[in-house]
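The structure appears below as structure tokens.
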Protein chains: 2
Amino acid sequence: MSKGRVTVVDIAHAAGVSKSTVSLVLQGSPLVNEATRAKVNAVIRDLGYVYNRAAANLRQTASSKIIGIVVNDLTNSFFAELAVGVDMVVQSAGYVQFLSNTGESIDRQREVIASMREHGISGLIISPARGTEAADFKPLVASGIPVVLTVRNISGAKVSSLLSDNRMGAAQAVAHLAGLGHRRIAFLGGFPDTAVFEDRLKGFRDGLAAAGLPFAEELIVGSAPSRAGGVEAIERAMLIAERPTAALCFNDAVAFGVCDGLRARRMEPGADFAVIGFDDVIEAKTAVPALTTVNVDPQGMGRRAAQLLMKQINAGKAEPEAIVGAVRLVVRQSCGAGMKNQQWRNAV
Amino acid sequence: MSKGRVTVVDIAHAAGVSKSTVSLVLQGSPLVNEATRAKVNAVIRDLGYVYNRAAANLRQTASSKIIGIVVNDLTNSFFAELAVGVDMVVQSAGYVQFLSNTGESIDRQREVIASMREHGISGLIISPARGTEAADFKPLVASGIPVVLTVRNISGAKVSSLLSDNRMGAAQAVAHLAGLGHRRIAFLGGFPDTAVFEDRLKGFRDGLAAAGLPFAEELIVGSAPSRAGGVEAIERAMLIAERPTAALCFNDAVAFGVCDGLRARRMEPGADFAVIGFDDVIEAKTAVPALTTVNVDPQGMGRRAAQLLMKQINAGKAEPEAIVGAVRLVVRQSCGAGMKNQQWRNAV
DNA sequence: TGACAAATTTGGATCGATCCAATTATGAAC
DNA sequence: GTTCATAATTGGATCGATCCAAATTTGTCA
């Protein structure tokens, strides 16, 4: 019964045609007679034939219908959603995705990229691990495999990128806080040695400058970009002599941690301290208090990155393209926008 | 330069040996002379050769080194962590994973499984979409591809499964609440038509029975298994004439939503109402109040599922194996375990 | 040096689907 | 009935790596 798999030759034999005809049917060629097509399709169903893509890809003409996606931290829901967005687009384009998580390890990243190449991916979407260098993409580019860099940029890499406008978003958030009357605004969380941190910090400074507020080094408190990191960051921020009354957080995970930390010291986020996050993950809307945050739409980014990649795959050799996605501040409760401004000045 | 890719024949030519020898070097055969091996490896490096797995897999002997993983909701961090666990194990075994998200759509699930088969996966780990039937795995099983069902069981499917002991976990949680003095305990959230819901509800009833408490239908409030669903569930539960004073939630996401909903009506989880979750996702520990929950260890489940699958792939034809993972109650603050028991009786 | 075993190397055939040039069937027009 | 165009079909050759049996080289010992 199940001895060896069914091949085009088996189909051809059972349907009384040649394997070439079967092949034409498989790719929906208009050259084949309708009656023949129907007969072949019937046999295909009857024998439970499974198309062997690997064999088809052996010919240099076809592309593998596989794309790779590499993220630096899948346990962060931002990246999980990014992956979902990519999956949506590639699935409907008839592709499948290899997904790998590097957990910020460059060695692992190198391994998975090598492995993906061996499997013949047609393109790669990657949020690179910390410390990735432009040279790491050289071999991919040399063999004509389109690469879309997302979330984090790598300067000097001659590949496409899809980033969000971190600087503008951070500046908007600071402007909002300043408008509410805050004068001591902290920037909490994140690893200072990443491009994203740099961009958001630049925007933070832009916002302070635009509001005529001084920049104070001590109000920048780095930490792991996680919930636990947020708890730690707010604790350290509260040790500062002249305490902040508001914070822009590196991302939503940090912001949630900051809220946790505030409550642990009997302060209510949105009432006693203003918190703004970054990313707008799903939970931001339903949390209590609902998180004011900069909407980045990770799922949308995933979709756009996938669309960009698809375009480049179909175009053959495509020029690197750099897209910066717009970003917008979503005002909810955690920044205390509904409160009287006065209280913040008295808070210190 | 980059005209066509480099193949074993190119290597053989450049190194002055036959392609057979190159092949032997590639698979690390002890048959080849050390000097020859070194020379071939040098040429491989120089020419930037990339191994073509698709070509190698064409021979029926080799396996594809690809496994598939299908989850029903990747935006749920439980499944993201499960995927991370799987990825860890398969990566170190030299495999890569196709990951697809079905979003509970059976049609999409069928498509992705078909696509994965065409790509020649050696095995499949799947948390099936709602409504999946045993028959859906028939073709996989028939062609000898090991399948590991995880998280959700499908009765009648002749495949392996790795589930957690939902019944026992729920019973433990109820026992704990009863021990704290609660008499009106609700079961909140989740879709009633899933196997996981059924199991946890069974455990819930076991726990009530063991504590000598009556079962009241109105205290079972279904909802989407999400944070938003949790908010909705607690709101409905609070409309009940004789209000509950504690709740076992379908999962942690629901539990967080319940906490949000409680706070929205000025009740403090852990003080005014006891909340227990299920799964123990990463955020459970750092949330405020820290969530008492049944630890399921999704990452560990992913690892174990992957190990089971690897074992079956290596064993050739393996007997289906059903593993039920132990589960344990992690007591934190949200159940108010540190409080005096007395107050709960007065709370109603 | 010759005989023989052990260590290395190698040319074809093979996997399954595709492509191409070439062939055969069908139809229309005269 | 022949001619020519069009529709439909088909037999290799091909992609890149592996496997096998057979050939070659190397080493050992009488």
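Chain letters run A, B, ... following the sequence lines, proteins first, then strands; residues in each count from 1.
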[atom1] of [X] versus [atom2] of [N]: gap in Å, rounded?
| X | N | atom1 | atom2 | answer |
| --- | --- | --- | --- | --- |
| B/L58 | C/dA17 | CG | P | 9 Å |
| B/H119 | C/dA17 | NE2 | C1' | 14 Å |
| A/R53 | D/dG16 | CZ | C1' | 19 Å |
| A/K65 | C/dA17 | NZ | P | 17 Å |
| B/E34 | C/dT8 | CD | P | 9 Å |

Heavy atoms only: give me the nearest A/A134-A/S155 pair and the separation to one decimal.
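In this case the closest contact between A/A134 and A/S155 is CB-O, 3.8 Å.
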
Does this structure show an ion pair linking [X] with [Y], if we count only N-O contacts that are shorter than 4.0 Å?
| X | Y | result |
| --- | --- | --- |
| A/R152 | A/E104 | yes |
| A/R110 | A/D136 | no |
| A/E34 | A/R37 | yes |

Of B/I323, B/L309, B/I69, the residue whose pairing with B/V148 passes side-chain contact (heavy atoms from CB on, under 4.5 Å)
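So the option named by the test is B/L309.
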
Evaluate the side-chain proximity of A/N153 to A/L163: yes if any heavy-atom separation is below 4.5 Å, no if none is.
yes

Are A/R117 and A/S143 packed together at the side-chain level, in the sense that at least one heavy-atom pair is separated by less than 4.5 angstrom?
yes

Evaluate the side-chain contact (heavy atoms from CB on, under 4.5 Å) criterion for residues A/E321 and A/Q312: first the C-alpha distance (whole Å), next the side-chain angles of each, then the deciding distance (0.1 Å), finally the verdict.
CA-CA 10 Å; A/E321 214 169 308; A/Q312 303 212 339; 4.2 Å; yes

Any side-chain N or O of [X] below 4.0 angstrom from OP1/OP2 of [N]?
| X | N | value |
| --- | --- | --- |
| A/R5 | C/dG16 | yes |
| A/T21 | D/dT9 | no |
| B/T7 | D/dG16 | no |

Hey, are [Y] and [X] close enough side-chain-wise for a donor-acceptor pair under 3.5 Å?
| X | Y | result |
| --- | --- | --- |
| B/T132 | B/Q109 | yes |
| B/T102 | B/N72 | no |
| B/S64 | B/N57 | no |

Could you give me the CA-CA distance, side-chain angles and deciding distance for B/D73 and B/T75, then say whether side-chain hydrogen bond (donor to acceptor under 3.5 Å, both in side chains) is met?
CA-CA 5 Å; B/D73 181 13; B/T75 63; 2.6 Å; yes

First of B/A55 and B/P30 reached from the 5' end of DNA chain C, by closest nucleotide:
B/P30

Sorted by position of nearest nucleotide on DNA chain C, 5' first, the leading residue of B/G16 and A/Y49 is B/G16

Sugar-phosphate means primed atoms, P, OP1 and OP2; the rest is base. With that split, encode nucleotides 18-24 of chain C 5' to 3' as B, S or - using protein heavy atoms under 4.0 Å.
BB-----

side-chain hydrogen bond (donor to acceptor under 3.5 Å, both in side chains) involving B/T36 - partner list, sequence neighbours excluded
none

Rounding to 10 degrees, work out the angle separating the end axes of the helix from C/dT1-D/dA30 to C/dC30-D/dG1 (five pairs an end).
50°

DNA chain D contacts among residues 36-47 of chain B, heavy-atom distance under 4.0 Å
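The stretch gives none, as no residue of it lies under 4.0 Å from the strand.
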
N/O contacts under 3.5 Å, protein versus nucleotides 5-7 of chain C?
none

Would you list the atom pairs, donor with acceptor, under 3.5 Å between side chains in residues 45-53 of chain B and any protein atom, with sequence neighbours excluded?
from	atom 1	to	atom 2	distance (Å)
B/N52	OD1	B/A54	N	3.0
B/N52	OD1	B/A55	N	3.1
B/R53	NH1	A/E118	OE1	2.1

NA contact type, B/V17, heavy-atom cut-off 4.0 Å: base, sugar-phosphate, or nothing?
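If one applies the 4.0 Å heavy-atom cut-off, B/V17 turns out to touch the sugar-phosphate alone, with no base involved.
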
